[in-house]
Each structure stands twice: as C-alpha cells, then as structure tokens.
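Presented below is the structure to which this report refers.
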Amino acid sequence: MRVALFVACYDDAWFPDTGKAVTMLLERLGHEVVHPPGQTCCGQFHWTTGYRREAADLARAFTRVFAGADAVVAPSASCAAAVRGGYPAIARTVRDPALASAAGALAVYELTEFLVDVLDVTDVGAYYPHRVAYHPTCQSARALGVAGRPERLLRAVRGLELVDLPAAGECCGFGGAFAMKNADVSVAMVADKIRHIRDTGADVVCAVDNSCLAHIGGALSRLRGGVRVAHLAEILAGTGPA
Amino acid sequence: MTAPGAGPPDALASAIAPGEAAAAASRATRFADAARPALADTRLRRTLGAAVAAERDRAAAAAAEPADWEELREAGRALRDAALLDLDTHLESLERAVTGAGGTVHWAADAAEARRIVVGLVRATGARDVLQAPSATVREAGLPGALARAGVTVRPAGLGDLIVGLGEEAPSHLSSPALHRDRAQVRELFLRGLPGAPADLSDDPADLAGAARAHLRDRFTGARVAVTGAAFLAADTGTAVLTESGGEGRMCLTLPGTLITVAGIDKVVPSWTDLEVLLQLLPRASSGDRMTPYVSAWTGVHPGDGPREFHLVLLDNGRTRALADEVGRAALRCIRCSACLNVCPVYERTGGGPYGPVLPGPVGAMLTPQLRGVESAANASLPFASTLCGACADVCPVKIDIPAILVHLRGTVVESRRARPVPTPELVLMRGLAWTMGDARRYRLAVRRGTRWARLLSRGGRIRRLPGLLGKWTDARDVPAPPARSFRDWQGRR
C-alpha cells in the first residue's frame, strides 16, 4: 500500500525520530511511504485557540497537499482528530463547503488505527526490552476513540513489560495553548501525572502524541525524574534479538 | 461582571453578601489569576481532589447500572433540544398553567429586574428575613445582596450554603457548595460563627450535622417567606420541580406563607412526562443516586396546604442571546447535574471560585461567556480554562459537546478582538505563525532558523528558559533541544 505520511510541524522540527520510526516501520511491513512535499501544519493549534480564519487557510492547504492519497497516516492523534473532526467544524464556521467535501474525501488515520484497522496487524515484529507505561492522550482516547489498539500493539512487542498506569485516562494538562495560558493549573495536572508514572516503576512512558509527551517529558526532565518519554512508533520500530 | 443595566459595579459590590463579594472579586481577574490561590492551598487541593474523586466514582457506578443509559442520554438530549427549539411556546403555556393554578408569573429580562421584582415581593409581605434554598440562579441574579441592601436578612437553608456563608466565601460546587472544606474546617467555622454551637463540638459528621440541624430548625419554623430555585418547570402542568439531598428546599416550599421561585427560562420542559427521563438522568449523573432523597414538585397554590402565595420569576439574563447562537445554544441543554465538574481535571484543582458567580466548572466556562458576553477579560478567559480533554462530554447526561462549544467561544473571543485598533500581541503572533505555516518554503526556513536558535539556548540537551510568552512553559518544564536535522531534511536526503 502507498501511504502518505503527515508529520506534524512540531514533530518535524522537534521529534524527527518519530517520523523516521513510522517510515521504517511501514517499510518493514512492506508498504511504500511517501512524504508529500508542501505539507506544513494541520491548523489545529490555530483552530483550538480561536483563530478560525488562519485555521481555515491551513486546513485548505492541507487538503490540497493530501488530495488523492490512498491513506494519510499521522503519528499524532491530535492532528488526525483535527482533520477528521475539526475540519468539518472549521468548514461550517467559515462557510466553506469545498473545504468540507475536500476534508471528507481524505482517509486520515492515526498510526495505531492504521496498523490495526487497515493493515490488520498487531504484532509488528518489534523488540523493546523495557518496562513501559502507556498514557492514553485525550485526543487519541476521546476524540478519535483508538481504545485498546495501542495497548494491543505494545503487548505484542517482545521484551516489553507493559505496566498499568493509575488514573491513566486523566489529562496530563498540556492542552495546546492551555499549557501557557493556564500554566499553573497545567503544572498541577502534570505533577499528578508524573506521580502516577513514577508509581509504576516504568523506565519509559509512551503515547501517540508527542505534544503531550513534550509536556510530560519536560516536567520529568525538570524534576530529573529518571523516566524517559518515547512515541509509540519509536517502540514499534525497535528491532533486536527475535 | 453583571448584566447590562445592572447598575454601576461598585454600587453593587457594596450591596452584595460576603460570599458573592468573593466571587465577584475573582471575576475581576482572568481565570488563570483567580485560580492561583486555590492551587497554592495544598489542604484545599487535597480535600477537593478526594471529594471530587468520590463523586466521580459514585456517578460512574450509577451510570453503569441501567442497561439503557445511552438511550436515556439520547432521549434527554432530544427532549432538551425540543424544549429549547420552541421555548417561547412552552413559556406561554407555562405562564397559563401557573396562573391557572393560582400562582403569579413575573418576567425578568436581566438580573437587575429580577432583583427589583423579588425585593418588591418580599417588601410587600413585610417580612424582615427570608429563607433561601440553595440555588445557582438565585446567586446568578445577585439576590442575596439585593435583599440585604433592602434591609432583609437572607438565611441560607442549606448546610453547604451555611458553611460557605460562615467562611465568607463563594460556593465551590453546584450540588455541594462546601465540597472544598474538610470536617475540621467545618468544625472551626461552626465554633466561630454558628449560634448555639456546643463548645465541645467534635468533627464527627453526625455531630456537625446535629449542630447545623438545631440551628436550621429555628430558621424553618420562623420563616414567612422563602426563595428557591427549580430544577425543571413543566410547561403543560405549570409545575416546578426541585431535586435535593438535604430536604431544605422542601422545608422552604411547605412552611412559609409566601414562596418565590426564581428560575432561568431555560429550565422549561414541554411536558410533565418529560420528567420521566430527566429524573433518571439527573440524580445518577449528579450524585450517583438512583433518585435524590427529595424530589419536590409544586403547582400554584392549594388552600390549606403549603404557601398561600406562589410567585415564579422567570429569568432571561442573556439566555435569549445564547439561544440565538447556533453552536453555543446547546449549552442551554444543561440540567445542572454537575457531572462535568466532577470529571474536569481543571475544576478538580481550582474549585469553583475562579469560574465566577454564575456556574462553576466546564458548564460555567461555556455558559458564563454566553450569558454575560466576552467583553471583559475575565469572561473572555473562561473558554480557555480547559485542556479540551473531553472528559466532560463523555459524562454529560444530555450529551453537550462541551469542548466543541468552548472552541467555538474561543473563536468568538478572538473575533471580538480583531477589530481593535491595536492588535493584541497574541493576534500578531498567531497571524505570523499562520503566514509562515501557509507556505512550505517559508515554513522550512523558519524551522531551520528556529532550530538554530533553540540549540543555542540549550544546555546539556535541554532548554531551561525561554523568552517572552514561551517563558510560561519553561517556568516549570524543560524543552528538549531540537535535533540539528528536521524530519524533512532526513527524508529529503534518503
């Protein structure tokens, strides 16, 4: 299958290993991965911060770049949710039916949805000998409803010990601009998230959104928490002794 | 802060009760600033966290019990929508039915009019004090303050309101106003301010309830006028309905001779039979009860039974304006169950104070800016007091998509500021960002430059301090140094 990869703007600049991991993983599974030139940002940040016009411009650009792709895969649940659920709302708000139909024609998947639902794989042949906690980010769990897919993929990884994260479903406090507009509340939330992560004794905490992981990881780093953060794709791309 | 026409804010501030003063003061500031004292109070955080978690668990268990919970939610959504769609018709039938049953209906366009009406009604009875059942609408209208200014003593009938009144603070929760106070604090407040509290009062809940009961009993038996809210108003029968766990509302509508019920026009449902659905949804979503211990329903007046006079004050106060907004109007479906408060991670850490006097939690964040407009910085900050995590929408018994409404209102806030002669720094930043992102070449150049700067700012692979607005992030969180090559650089060279 020919997969059009969307690498979120912050992933592109800050976490390029995630995009590399997805590329190598999908190629290992026998698929062709293309990275359509011209892609920049899905517009989610502008939309959720109230900048409708700017978000609409970015959404139109996104639909142009990815028009005609068999499948668009994003290793970012919040971006996938922005395209799938957000674009119709943006189109309604700025009264742009062309944008609505262009968005409706896109088949956009978050990575774990694509692996489990479209490719029908749960064992991707990965090896990752670590104790791992999975944080279900709000956009993946609630907006997209990826449910147990990430955990199913993680359980099939050799060497990986998946631990239960207490209060896993509670938001880490990132929330885009919220992390800065309401910095104190945001920090109070991530402090609790970190306490729960430490309680598990995990070496690594993973998720399908680098944005939330940047928040959790940033606080862990400040506290020298001794726990690393990793995008799920980087775990699934890991190989080693079979 | 107040509805248009409510008079100068300082005249009002001097007239309102201590609890409202605290709430009003907090509304002068943005949510982030108003939240700071609560966040710094570790005892409050612990009490609030434990209480909210307990409410949340009870409600989740109660929602898991009926096999048809999802169908009930859908039915609740549909009938609330139907009620709002033809609100004018239902209000007219309500007025006819209430009047036919011997009650009097008053229409209040805003909070000031509601205050004038209620103060006039109380004055006409000659009573020097009124009993007030817990009601968010009564607080929203600023009634306790207006009555106090008119020389009428307002006596809270509910235990929670009694506690927050003694502490001179705002209620922190819709159904449990004193949720944020622990037993030891309640004991201290009682010893300091509750007339007749025994000197050897312990912090045992039964003891505390006993002291409160002894005090409240005197209030109930002596009261001539009571003011209450209503959970629902059935248009076809003209019946007002109140759900509660303490029974103080029932006391208010059985003992005094004059009963004044203040309710938002959004509380109307077309028919008495609609309550079949709503009275299943509300208690389970609210406190996790299959049914609240008290459900009271009253229709007009009945000779020899209950109040001799019944007045229903129907409050608009921005509701018609909210109804005109095709996205935002769904907020008016709210049945005030407080399920969204109990799952909101933001509310759990701040309590109700920073949301202001209308409604706390996610429902307040979406309803207050609609009722009061987004002109003030405080009200404009409310739609942003959420991470959009969606936990509230998951539990809402009438399926309000709260995050979608908050995003819509954020757009309203931004649009309202676009017309300013001097653009806000945020608008300049967001426009610049969109311009950069709008073109792949500009974007690529910006990433290269930004990466270079970020790497210069980093020490040992992490950035500990960022300038300007971004400093809010690095006050408590590191930023990893970005790698020298972006993904697209890597991809381009493969």
Side-chain angles (χ1 to χ4, degrees), chain A residues 7 9 11-20 23 35 37-41 43 45-55 57-58 61 86 89 93 138-139 142-143 169-190 214-215 217-219 221-222, chain B residues 31-32 35-36 39 45 327 345-346 349-350 381 383-391 393-394 403-404 407-415 426-427 430-431 433-434 437-440 443 447 450-451 462 464 469-470 472-480 482-483 485-491:
Chain A
V7 174
C9 46
D11 279 346
D12 180 38
W14 238 271
F15 308 100
D17 286 350
T18 298
K20 292 181 204 173
T23 307
H35 182 257
Q39 61 174 288
T40 58
C41 165
F45 185 66
H46 282 87
W47 171 242
T48 56
T49 315
Y51 292 84
R52 298 167 174 168
R53 303 175 198 179
E54 291 78 3
D57 288 341
L58 292 167
T93 304
C138 303
Q139 296 295 308
R142 298 206 178 86
E170 188 173 281
C171 177
C172 72
F174 170 63
F178 180 86
M180 281 174 281
K181 280 181 184 272
N182 284 284
D184 299 326
V185 187
S186 169
V187 169
M189 288 166 69
V190 80
H215 183 231
S221 161
R222 179 62 55 89
Chain B
F31 184 86
R36 217 158 278 136
L39 289 165
R45 288 260 301 276
V327 178
V346 175
R349 285 163 183 88
T350 65
S381 74
F384 298 91
S386 164
T387 63
L388 307 177
C389 82
D394 277 1
V407 167
H408 168 74
L409 293 172
R410 291 174 182 193
T412 309
V413 171
V414 168
E415 291 302 322
E426 189 186 275
L427 176 63
M430 294 299 276
R431 260 193 200 146
L433 202 57
M437 300 285 198
D439 175 89
Y443 164 82
V447 166
T451 302
R462 52 187 187 165
R464 302 194 55 126
L469 291 172
L470 297 171
K472 286 275 186 194
W473 178 284
T474 47
D475 280 348
R477 293 148 288 195
D478 289 340
V479 177
R485 280 168 67 191
S486 69
F487 171 77
R488 66 182 62 203
D489 286 343
W490 172 82
Q491 205 269 343

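Below, chains carry the letters A, B, ... as their sequence lines are ordered, and counting in each starts from 1. Bear in mind that the values here come from a model prediction, so they are computed numbers and not experimental data.
In this structure, Leu470(B) places its CG atom where more than 12 heavy-atom neighbours from other residues, nucleotides or ligands lie under 6.0 Å away.
When heavy atoms are compared at a cutoff of 4.5 Å, Ala476(B) approaches chain A by way of both its backbone and its side chain. At a 4.5 Å heavy-atom cutoff, the contact between Val7(A) and chain B is made by side-chain atoms alone. Proximity to chain B is absent for every atom of Thr93(A), based on heavy atoms less than 4.5 angstrom apart. Using a 4.5 Å cut-off between heavy atoms, Ala89(A) makes no contact with chain B at all. With a 4.5 Å cut-off on non-hydrogen atoms, Thr412(B) touches chain A through its backbone and its side chain both. Leu433(B) touches chain A through backbone and side chain together, each having a heavy atom under 4.5 Å away. With a threshold of 4.5 angstrom between heavy atoms, Glu415(B) approaches chain A through side-chain atoms but not through N, CA, C or O. Proximity to chain B is limited to the side chain of Thr23(A), based on heavy atoms less than 4.5 angstrom apart. Within the 4.5 angstrom heavy-atom criterion, atoms from both the backbone and the side chain of Trp473(B) approach chain A. Using a 4.5 Å cut-off between heavy atoms, Leu388(B) touches chain A through backbone and side chain atoms alike. For a residue to count as touching a neighbouring chain, one of its non-hydrogen atoms must lie under 4.5 Å from one of that chain's; by this rule Arg485(B) touches chain A with the backbone only. Proximity to chain B is absent for every atom of Ala61(A), based on heavy atoms less than 4.5 angstrom apart. For chain B, the nearby parts of Asp12(A) are the backbone and the side chain; heavy atoms of each come within less than 4.5 Å.
Residue with the most contacts toward chain A among Gln491(B), Arg462(B), Arg36(B): Arg462(B) (heavy-atom pairs, distance under 4.5 Å). Between chain A and the options Arg431(B), Arg45(B), Arg410(B), the largest number of non-hydrogen pairs under 4.5 Å is found for Arg410(B). Chain B forms more heavy-atom pairs under 4.5 Å with one residue of Gly169(A), Gly217(A), Cys171(A) than with any other, namely Cys171(A). Ranked by non-hydrogen atom pairs under 4.5 Å with chain A, the options Ala385(B), Ala440(B), Gly450(B), Gly411(B) are led by Gly411(B). Most heavy-atom pairs under 4.5 Å with chain B: of the set Ala214(A), Ala219(A), Ala188(A), Gly38(A), this distinction falls to Ala188(A). Each of Gly390(B), Pro482(B), Pro483(B) has some count of heavy-atom pairs under 4.5 Å with chain A, and the biggest count is that of Pro482(B). Interface remark: of the candidates Ala391(B), Ala404(B), Pro383(B), Ala393(B), Ala391(B) forms the most heavy-atom pairs closer than 4.5 Å to chain A. The residue among Phe15(A), Tyr51(A), Phe174(A) with the most heavy atom pairs within less than 4.5 Å of chain B is Tyr51(A).
Contact annotation: the side chain of Phe487(B) never approaches that of Thr18(A) to less than 4.5 Å [non-hydrogen atoms, C-beta and beyond]. Residues Val407(B) and Trp47(A) meet the side-chain proximity criterion, which asks for heavy atoms closer than 4.5 Å. Residues Val346(B) and Phe178(A) have side chains in contact (heavy-atom distance under 4.5 Å, counting atoms from C-beta outward).
Of the possible donor and acceptor atoms, none in the side chain of Ser486(B) sits under 3.5 Å from a partner among the backbone N and O of Ala13(A). Although no hydrogens or angles enter the test, the distance criterion places no donor-acceptor pair under 3.5 Å between the side chain of Asp184(A) and the main chain of Ala35(B). A distance-only check finds a donor-acceptor pair linking the side chain of Trp14(A) to the backbone of Pro480(B) [under 3.5 Å].
Donor-acceptor pairing under 3.5 Å is lacking for the side chains of Tyr443(B) and Gln39(A). A donor-acceptor contact closer than 3.5 angstrom is absent between the side chains of Arg488(B) and His35(A).
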Taking it one step at a time, do Val185(A) and Leu39(B) satisfy side chain to side chain contact (heavy atoms under 4.5 Å, CB included)? CA-CA 7 Å; Val185(A) 187; Leu39(B) 289 165; 3.7 Å; yes
Applying side chain to side chain contact (heavy atoms under 4.5 Å, CB included) to Met430(B) and Glu54(A), what does each step give before you reach the verdict? CA-CA 8 Å; Met430(B) 294 299 276; Glu54(A) 291 78 3; 5.7 Å; no
CA sep, side-chain torsions, deciding dist, call: Ser186(A), Arg477(B), side-chain hydrogen bond (donor to acceptor under 3.5 Å, both in side chains): CA-CA 10 Å; Ser186(A) 169; Arg477(B) 293 148 288 195; 2.9 Å; yes
Starting from the C-alpha separation in whole Å, work towards a yes-or-no answer on side chain to side chain contact (heavy atoms under 4.5 Å, CB included) for Val414(B) and Arg52(A). CA-CA 9 Å; Val414(B) 168; Arg52(A) 298 167 174 168; over 6 Å; no
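Looking at every heavy atom in both residues, Phe31(B) comes nearest to Asn182(A) through CD2-OD1, 3.3 Å. Lys181(A) and Ala32(B) get closest at one heavy-atom pair: O-CB, 3.4 Å.
The residue from Asp475(B), Thr474(B), Asp478(B) that alone fulfils the side-chain hydrogen bond (donor to acceptor under 3.5 Å, both in side chains) condition with Arg222(A) is Asp478(B).
Expressed to the nearest 0.5 Å, how far CG of Asp57(A) lies from CE of Met437(B) amounts to 13.5 Å. If you take CE on Met189(A) and SG on Cys389(B), they are separated by 6.5 Å, rounding to the nearest 0.5 Å.
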